[in-house]
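First the proteins, then the strands, lettered A, B, ... as listed; each starts at 1. It should be emphasised that the depicted structure is a prediction, and the values quoted were computed from it without experimental measurement. Below, all heavy atoms of this structure are taken into account, side chains as well, without hydrogens, waters or symmetry copies.
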Amino acid sequence: MPFGLVKFGLRKKYPARHQFTPACDLKKHYDVVIIGAGGHGTAIAYNLAKYHGIKNIAVLDKGYLGGGNTARNTAVIRSNYLTSEGVTFYRESVKLFKNLSNEFGYNVMYENRGQLTLAHSDAAIRSFRWRAEVNQHLGVRSELVDRKTIGQLVPNLCLSEDSRFPILGGLWHADGATARHDAVAWGYAKGACQRGVELHQLTAVQGIETVGGRVRAVTTNRGRIECGCVVQAVAGASTVVANMAGIKLPIHCYPLQAMVTQPYKPILNPHVSSPHLHVYLHQTSRGEFVIGGGSDPYPLYNTRATLDQKETLSAAVLELFPFLAQARILRQWAGTTDMTPDYSPIMGLSPVENYYLDAGWGTWGFKATPICGQTMADLVASKRVPDLIKPFALERFYRNQQINEAGATAASL
Amino acid sequence: MKVLNCPLNGPRNINEFTYGGEYHPMPDDWLVDSREWVEYVFFHDNAAGVVIEWWCHTATSYWFLAERNTITDEIVRTFPASELSHSADKDLVS
């Protein structure tokens with residue numbers, strides 16, 4: 001529309017357009033209160049407003065929009081999990097991610113680059129063959145690849161047989177992708193706010209009032225609000241918030257550290273991970289190498305970084321890509337991961353009737369954002385648990401039906 | 001380098017130790033029902049603040065307890081399991 005552009009250029013004033021709710025007072029009552037304005041919280045609000053016509057929603061966050069683990073994850077999207085429940089769930093998420101920019105009318109910079117997981121042992125080859133079979137059976141593109149194919153997929157990977165742990169093979173996942181993680185939260189929040197959802201940042205939940213096994217109100221640092229129901233989507237603070245509602249969760253919080261190097265020309269397209277070396281990396285569209293690994297060795301509610309972990313990550317990454325020896329670390333950070341005993345999330349109903357859980361996202365939360373928004377919104381609107389998330393109920397621990405997700409983290413076997 | 005003071009071996013690099021989970025008294029498995037047992041196994045406090053937890057000095061396989069602040073990562077004190085006040089657990093480790 002060149003004419004529209006000319007008209008826009010000739011205007012005298014350019015008033016700022018609010019994408020999100022401008023600062024306003026809390027109302028006395030909301031139909032739905034969502035605690036946590038990260039990707040998950042905003043995605044649930046978006047789906048409720050757009051597809052279920054529920055618009056009297058408040059999304060509360062003690063910090064700012066997308067400022068928690070949504071900003072701290074390493075933006076990996078994949079569905080090459082091991083359990084049928086996990087593969088099916090994340091497969092649907094990847095499908096939604098592919099169309100997310102069109103859905104929003106807002107570019108989330110989704111890039112389908114593929115993901116390569118490296119095997120340095122016979123045990124890993126066996127496990128990858130298993131994963132590939134499960135994935136293919138469920139319609140996810142995964143295949144076992146040999147050293148020659150790895151050399152073609154990632155020409156600058158060190159395939160030397162003289163290294164400490166020579167690479168024997170790999171699991172190639174053509175559906176692996178990445179996206180701008182902040183934009184995912186912004187896109188959902190923008191779409192939700194346009195439809196009447198209120199986003200309240202710097203609003204910390206301090207208490208949850210329950211009467212007769214139901215939530216009646218939520219108290220915050222900005223006042224008390226009554227609500228029809230509550231959804232908690234607070235990742236690292238899951239235990240603390242659930243405790244306010246009198247709910248115990250099987251979660252432990254561990255920091256997960258990551259870092260990025262200075263930018264380089266584009267030389268690495270796929271995402272590469274090595275469970276054996278506990279490291280994974282890819283090159284962002286800005287050219288920086290983003291490097292992550294396993295969680296810290298003991299629990300902590302803190303996002304501090306340690307030199308120990310930086311050394312371990314650097315040593316591992318140099319075994320794979322020796323040319324990075326000259327690279328400088330630009331930034332480093334950590335996120336608090338809410339780990340469950342079976343490496344699967346806790347989604348759905350809770351012991352409190354109108355209180356819904358979206359927790360236990362450990363190191364697999366970002367990639368689940370779109371499907372989580374869809375299924376949790378279905379649950380809140382219909383009060384029926386969608387089949388896709390039934391296996392992830394909190395109750396599974398009492399039934400001894402854990403979903404042992406051995407393919408959960410990019411740095412796990 | 002972060003230092004943990006082992007009651008047996010003195011101050012050592014924390015890399016020499018293995019985290020062993022939160023301390024909480026084990027219920028009598030003859031007396032509890034399966035829900036209570038599940039809660040003992042999986043549903044821990046995960047508290048933000050000072051907690052008591054098990055640690056093991058890996059090289060010497062020596063298990064002990066530590067009081068640690070899970071917000072600041074400050075180790076308040078370490079002590080042998082024999083100092084536990086809980087009488088049932090005292091029997092277990094003595």
Any chance you could measure B:M1, atom CE, to A:L307, atom CG, to the nearest 0.5 Å? 12.0 Å
Fit a plane to each ring of B:H44 and A:H252, take the angle between them on a 0 to 90° scale, and name the class: parallel (under 30°), tilted (30 to 60°) or perpendicular (over 60°). tilted
Nearest 0.5 Å, what's the OG1-CG distance between A:T312 and B:N15? 7.5 Å
Distance-only, no hydrogens or angles: does the A:Y301 side chain make a donor-acceptor pair with backbone N or O of B:N46 under 3.5 Å? yes
With only heavy atoms counted, which part of A:P341 is less than 4.5 Å from chain B, the side chain, the backbone, both or neither? side chain
Would you say that more than 12 heavy atoms from the other residues, nucleotides or ligands in this model lie under 6.0 Å from the OH of A:Y64, or not? no
Test B:F43 against A:L394 for side chain to side chain contact (heavy atoms under 4.5 Å, CB included), laying out the working first. CA-CA 11 Å; B:F43 288 65; A:L394 173 63; 3.8 Å; yes
A:E311 versus chain B, heavy atoms under 4.5 Å apart: side chain, backbone, both or neither? neither
Identify which part of A:L300 has an atom lying under 4.5 Å from any heavy atom of chain B, answering side chain, backbone, both or neither. both
Quick check on A:N400 against chain B: is it the side chain, the backbone, both or neither that has a heavy atom closer than 4.5 Å? side chain
Distance (rounded to the nearest 0.5 Å) between A:N302 CG and B:I71 CD1: 8.5 Å
Residue among B:D73, B:T70, B:T18 satisfying side chain to side chain contact (heavy atoms under 4.5 Å, CB included) with A:Y298: B:D73
Measure the OG1-CG distance between A:T239 and B:D45 for me, rounded to the nearest 0.5 Å. 9.5 Å
For A:R304, which atoms come within 4.5 Å of any heavy atom of chain B: side chain, backbone, both, or neither? side chain
